[in-house]
Protein chains: 2
Amino acid sequence: MYSSELIKGTLKTIILHLLKENGKMYGYEMTQMVKALSQEKIQITEGALYPMLHALEALGDVTTETVYIGKRVRKYYSLTPQGKTTSSEKMKELTAFLETMGNLIKKQNNAHGYAT
Amino acid sequence: MYSSELIKGTLKTIILHLLKENGKMYGYEMTQMVKALSQEKIQITEGALYPMLHALEALGDVTTETVYIGKRVRKYYSLTPQGKTTSSEKMKELTAFLETMGNLIKKQNNAHGYAT
DNA sequence: CAAATATACATAAGATTCTGATGTATATTT
DNA sequence: AAATATACATCAGAATCTTATGTATATTTG
């Protein structure tokens, strides 16, 4: 498990990406998938996830569909056309960010020149 | 420039890393170095930087040394022994996190199996 | 079969961390 | 002379997350 501060700011992008890849998912499923894909190292908490899903819905990036499994409710989320665009943009940004950070923390024989 | 939400949580690690690589730096210098190393894409704001430096000092990870350049003050920061340990730990974590995130957002022909 | 665990949603107080504004002052460039 | 750069600092407010709490059904296990 990572000290969660690193995960901050990536949640929205992760959700949008999962929905783009998998078409339709419900909240609990997302927590389990991220857990599995990260080898237990990233655990999305419900207190962070559900408010973010509601926010994405309010922004018009996702729509919902409620389904009953027996008597238990399940709320599926999927991307709107706008959400698909947002997803792509966010992913482009995250990819670039990861690369920049990778550079930033590596190339360091550089106490005097700065530029690369 | 990245939408800054991604940078959240990485600031402490970046500072500790810069100090480990460069031995001794002052705040303004850090902002310029990160800007240069990231090709202008990451801009550390002063409102985030200075409070974080003060926090690191309070935690015992850095010590300070004030120098006058003409009449203008400059405050150099350097790692304490404890700070060096913290720096290593944080970097290990960040590196692992970047890799995990890289996996999470790539390997996706996986709508049904989850595990990798 | 009762208890524990897993599934599945939701909210909310408080903490952390950042943005953007503001303030002060000196040095350099145009 | 004015604008910009260097260099520190603080603070109100915003965003985002943690931890706890709440509700309810389904499944597994001793």
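The structure presented is a predicted model; accordingly, all values stated were derived computationally and were not measured. Residue numbers start from 1 in every chain, and the chains themselves are labelled A, B, ... in the order their sequence lines are given, proteins ahead of strands.
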Report task. Might you work through the side-chain contact (heavy atoms from CB on, under 4.5 Å) test for Lys90(A) and Thr86(A), ending with a clear yes or no? Result -> CA-CA 6 Å; Lys90(A) 286 277 175 193; Thr86(A) 308; 4.1 Å; yes

Query raised in the report: For the pair made of CD1 in Ile14(B) and C1' in dT17(C), what is the distance, rounded to whole Å?
Result: 14 Å

Query raised in the report: Taking only N and O in the side chain of Thr45(A), is any of them less than 4.0 Å away from OP1 or OP2 of dT18(D)?
Result: yes

Report task. Verify whether one side chain among Lys20(B) and Ser88(B) offers a donor that lies under 3.5 Å from an acceptor in the other. Result -> yes

**Report entry** Residue pairs passing the side-chain hydrogen bond (donor to acceptor under 3.5 Å, both in side chains) test where at least one lies in residues 45-56 of chain A, sequence neighbours excluded
**Finding:** none

**Report entry** Nearest-neighbour nucleotide for the Tyr50(B) side chain, dT19(D), dC8(D), dT11(C) considered
**Finding:** dC8(D)

Query - Atom pair distance, as rounded to whole Å: CD in Glu46(A) and P in dG22(D) - result: 15 Å

Query raised in the report: Atom CG of Leu49(B) to atom P of dC8(D): distance rounded to whole Å?
Result: 8 Å

**Report entry** Ile44(A) CD1 - dT18(D) C1' separation (whole Å)
**Finding:** 14 Å

**Report entry** Nearest heavy atoms of Leu16(B) and Ser87(B), plus distance in Å
**Finding:** O-OG, 3.2 Å

Report summary line: Residues in residues 64-79 of chain A with a heavy atom under 4.0 Å of DNA chain D, by number, are Gly70(A), Lys71(A), Arg72(A)

Query - Shortest non-hydrogen contact from Met33(A) toward Leu18(A) - result: SD-CD2, 4.0 Å

Query raised in the report: Rounded to whole angstrom units, what separation is found between the NZ atom of Lys12(A) and the C1' atom of dC17(D)?
Result: 14 Å

Report task. Take atom CE of Met52(B) and atom P of dT16(C), then tell me their distance rounded to the nearest Å. Result -> 11 Å

Report summary line: Between the CG atom in Leu59(B) and the NZ atom in Lys12(B), the distance rounded to the nearest 0.5 Å is 6.0 Å

Report task. To the nearest Å, give me how far apart OH (Tyr28(A)) and P (dT7(C)) are. Result -> 3 Å

Query raised in the report: Whole Å only: how far is the NE2 atom of His54(B) from the P atom of dC8(D)?
Result: 9 Å

Query raised in the report: Looking at five pairs on each end of the helix from dC1(C)-dG30(D) to dT30(C)-dA1(D), what is the angle between the two axes, given to 10 degrees?
Result: 30°

Query raised in the report: What's the verdict on side-chain contact (heavy atoms from CB on, under 4.5 Å) for Leu53(A) and Val62(A), showing C-alpha distance, side-chain angles and the deciding distance?
Result: CA-CA 8 Å; Leu53(A) 286 172; Val62(A) 301; 5.7 Å; no

Report task. Evaluate the criterion side-chain contact (heavy atoms from CB on, under 4.5 Å) for residue pair Ser38(A) and Asn103(B); output intermediate values, then yes/no. Result -> CA-CA 8 Å; Ser38(A) 70; Asn103(B) 290 339; over 6 Å; no

**Report entry** Residue Pro51(A), side-chain atoms from C-beta onward, closest of dA7(D), dT11(C), dT18(D)
**Finding:** dT11(C)

**Report entry** CE on Met25(B) to CE on Met30(B), rounded to 0.5 Å
**Finding:** 6.0 Å

